[in-house]
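All heavy atoms count here, side chains included; hydrogens, waters and symmetry mates do not. This is a predicted model, so every value here is computed, not measured.
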There are 2 protein chains.
Amino acid sequence: MVITRATEYAIRAILYMSRQPKGEIVYKRDICEAQDITPAFLTKILQPLIKEGIVGSQRGVGGGFFLAKNPADITLLDIIKTQEGPVYLNQCLVKEGNCNREFFCPVHGAWKKIRADFMQLLDKYDFASLAADQNTKLPVQSATDS
Amino acid sequence: MVITRATEYAIRAILYMSRQPKGEIVYKRDICEAQDITPAFLTKILQPLIKEGIVGSQRGVGGGFFLAKNPADITLLDIIKTQEGPVYLNQCLVKEGNCNREFFCPVHGAWKKIRADFMQLLDKYDFASLAADQNTKLPVQSATDS
DNA sequence: ATTCCGTAGCGCGAGTAATAACCAAAACGC
DNA sequence: GCGTTTTGGTTATTACTCGCGCTACGGAAT
């Protein structure tokens, strides 16, 4: 019951971009260095984010990636959904009719509620706040390496 | 991001036992039939529950399993923890010092909070209530097969 | 001796986490 | 304009881990 590494990296990458001036293009290389991600893997991770309209990309010389939305409008839930698909928690909730016990199984209803509450929990954290938190911890930019 | 089948089955098994008279021994075979679980797998699943003191077992002729605690004192979180270990959500939270970004990573704090809230969410559901829910759905016992 | 649970370990299959190779587009130099 | 360089886009492959279930043998109770 742990998020995948791809999700972890995606969150880091978005966080990194959130700290840049709005619309500023950042190099893949810079994200990788700052956040300890291999370039090839980062490419793959960013694709769904681009499709989702959260990240924009620019090819060619001087190209790179940038945030296509306001950090305040991006939440942890958004990122998790692009990487892992919808949050389900329980197999029975994956598809309607997937579980033939639905009629009488009381846990079914419980899971539905838990899932909804959990998603709401994740949706509370937006990247503007997260980036702000980081700024209070790290007033000096030069200490970003790990 | 889905719970394992073992957890699913464990919950079903506990639910089944919660509906029996307190302390009554049930056969493995009966649990398996009622809840669609293979006997060998159920054996494995019940072990951690026994170690945790949630389920009791009786060997020999006429032996079987029974609830060692009151259904009202067993929550979904208890079962999940026995099957999947502590709930972590994020690799960084698995072990203190596991994540060298802890100092400045703002997501770290967010995950800690989310995790605590999530666990509290799961801890709200006890098996006395769940079993009661089932009784309202299923007043007649003979309809329990799937 | 029989009937049950306890424990260890095996094996298939699916999913993770990368890596590699090749393709496409944009900008620059000439 | 044209080709080269610099970037991202896409697909395939791989090593590895883990979920899931099965098998086999051991141990306790009656």
Side-chain angles (χ1 to χ4, degrees), chain A residues 1-13 17 24-33 35-68 80 82-92 94, chain B residues 1-13 17 24-33 35-68 80 82-85 88-92 94:
Chain A
M1 185 94 117
V2 169
I3 60 169
T4 63
R5 226 157 255 281
T7 307
E8 183 78 41
Y9 290 159
I11 291 171
R12 285 192 201 170
M17 287 191 265
E24 173 127 338
I25 287 184
V26 296
Y27 292 91
K28 183 178 14 172
R29 191 183 341 110
D30 292 343
I31 303 178
C32 292
E33 278 179 20
Q35 307 290 322
D36 292 323
I37 316 173
T38 66
F41 198 29
L42 181 63
T43 304
K44 189 179 242 172
I45 290 166
L46 288 179
Q47 292 320 307
L49 290 166
I50 294 169
K51 282 215 175 66
E52 212 47 45
I54 296 170
V55 170
S57 64
Q58 176 65 51
R59 295 185 177 186
V61 177
F65 301 96
F66 57 92
L67 277 194
I80 291 174
T82 62
Q83 297 300 317
E84 321 213 358
V87 174
Y88 287 126
L89 295 183
N90 185 315
Q91 278 291 351
C92 305
V94 170
Chain B
M1 185 94 117
V2 170
I3 61 168
T4 63
R5 223 155 256 282
T7 306
E8 183 79 42
Y9 290 161
I11 291 171
R12 285 192 201 170
M17 289 191 264
E24 174 127 338
I25 288 185
V26 295
Y27 291 92
K28 183 178 14 174
R29 190 183 341 109
D30 291 343
I31 304 177
C32 293
E33 275 177 23
Q35 308 289 323
D36 292 322
I37 316 173
T38 66
F41 199 28
L42 179 62
T43 304
K44 188 182 244 175
I45 290 167
L46 287 179
Q47 293 318 307
L49 290 166
I50 294 170
K51 283 215 174 66
E52 211 48 46
I54 296 170
V55 170
S57 64
Q58 176 66 47
R59 296 186 177 184
V61 177
F65 302 95
F66 57 92
L67 277 194
I80 291 174
T82 63
Q83 297 300 317
E84 319 213 359
Y88 287 126
L89 296 183
N90 184 314
Q91 277 293 350
C92 304
V94 171

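Atom CZ in A:F65 sits roughly 5 Å away from atom P in D:dG8 (whole-Å rounding). When rounded to the nearest whole Å, the span between CD of B:E8 and P of D:dG21 equals 11 Å. The distance from atom CZ of B:R29 to atom P of C:dC4 is 6 Å, rounded to the nearest whole Å. Taking atom CD1 of B:I50 as the reference point, atom C1' of C:dC5 lies 8 Å away to the nearest angstrom. D:dG8 atom P lies 5 Å from atom NZ of A:K28, rounded to whole Å. Atom CZ in A:R5 sits roughly 15 Å away from atom C1' in D:dC18 (whole-Å rounding). Atom-to-atom, CD1 of B:I3 to C1' of D:dG19 comes out at 13 Å; the value is rounded to the nearest Å.
Taking every heavy atom of residues 52-64 of chain B and every atom of DNA chain C, pairs under 4.0 Å involve B:S57, B:Q58, B:R59, B:G60, B:V61, B:G63, B:G64, by number. Contacts between residues 39-49 of chain A and DNA chain C, defined by a heavy-atom separation below 4.0 Å, involve A:A40, A:F41, A:K44, listed by number.
Phosphate contact (OP1/OP2 of C:dT19, side-chain N/O of A:T38, threshold under 4.0 Å): present. Between C:dT3 and B:Y27, no contact under 4.0 Å exists linking OP1 or OP2 to a side-chain N or O.
A donor-acceptor distance shorter than 3.5 angstrom exists from the side chain of A:E84 to the backbone of A:T4, with no hydrogens or angles considered. Formation of a donor-acceptor pair under 3.5 Å by the B:Q91 side chain with backbone atoms of A:V2 is not found in this model.
We find the CD1-CZ distance between A:I54 and A:F65 to be 14.0 Å, quoted to the nearest 0.5 Å.
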